[in-house]
Participant: 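Below are the structure tokens for one structure; questions will follow.
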Amino acid sequence: MKSQEELRGASYDPQAAQRIRAMIDLYPSRKIAASVAEKSEDSLANYAAGRNEPPFPVIVRLASHVGVSLHWLATGEGSMREGEQQHQT
């Protein structure tokens, strides 16, 4: 039997769950985020914990409602919010 990591494929970014969790945390509640995502709160919890990889349309719905950059979600590079400048330190 294959492990979760093997099922996700070689391109799975284990830090993606952290970015998904950060995006979900921008919503006033998990219930509202689940409604926007058209998924259950349990599904969102699984995405945020890295147990399941969310379908792309779900990511787009969640990101577009709170202005999160799809590039940032996919790569972790750049600014989290669309239109924000990344601060150089």
Participant: Spell out, as yes or no, whether a donor-acceptor pair under 3.5 Å connects the side chain of Arg30 to the backbone of Glu41.
Facilitator: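 No; zero donor-acceptor contacts below 3.5 Å.
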
Participant: Is any side-chain heavy atom of Met80 closer than 4.5 Å to one of Val66?
Facilitator: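 SC-SC contact between Val66 and Met80 ruled out.
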
Participant: Do Glu38 and Val58 come within less than 4.5 Å of each other through their side chains, counting heavy atoms only?
Facilitator: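 The answer is no, as the side chains (C-beta and beyond) never meet within the 4.5 Å cut-off.
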
Participant: Between Ala33 and Leu62, what is the shortest heavy-atom contact and its length?
Facilitator: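 Minimum heavy-atom contact is O-CD2, 3.4 Å.
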
Participant: Might you point out which heavy atoms bring Arg81 and Val68 nearest each other, and give the distance in Å?
Facilitator: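 Closest approach of Arg81 to Val68: CD-CG2, 4.2 Å.
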
Participant: Between Ser69 and Ser79, what is the shortest heavy-atom contact and its length?
Facilitator: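 That closest heavy-atom pairing would be CB-O, 3.6 Å.
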
Participant: As an exercise, state the distance from NZ of Lys31 to CG of Leu44, rounded to the nearest 0.5 Å.
Facilitator: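 Here the interatomic distance stands at 13.5 Å.
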
Participant: Is a donor on one side and an acceptor on the other found under 3.5 Å between the side chain of Ser43 and the backbone of Lys39?
Facilitator: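 It does not hold such a pair.
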
Participant: Please name all residues satisfying side chain to side chain donor-acceptor pair (under 3.5 Å) with Ser64, sequence neighbours left out, ordered by chain then number.
Facilitator: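 Testing Ser64 for side chain to side chain donor-acceptor pair (under 3.5 Å), a comparison that skips the adjacent residues, returns none.
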
Participant: Identify the two heavy atoms, one from His65 and one from Tyr27, that lie closest to each other, and give their separation to 0.1 Å.
Facilitator: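 Smallest heavy-atom distance, with atoms named: CB-OH, 3.2 Å.
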
Participant: Which heavy-atom pair separates Leu70 from Glu82 by the least distance, and what is that distance?
Facilitator: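 Closest heavy-atom pair between Leu70 and Glu82: N-OE2, 3.9 Å.
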
Participant: Decide yes or no for Ile20 and Pro54: does some side-chain heavy atom of the first lie under 4.5 Å from some side-chain heavy atom of the second?
Facilitator: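 In contact.
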
Participant: As a quick check of understanding, evaluate side-chain contact (heavy atoms from CB on, under 4.5 Å) for Ser29 and Ile32, giving each step before the final call.
Facilitator: CA-CA 5 Å; Ser29 70; Ile32 292 170; 3.3 Å; yes

Participant: Restricting to non-hydrogen atoms, name the atom on Trp72 and the atom on Ala22 that form the minimum distance, rounded to 0.1 Å.
Facilitator: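 So the minimum-distance heavy-atom pair works out to CH2-CB, 4.1 Å.
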
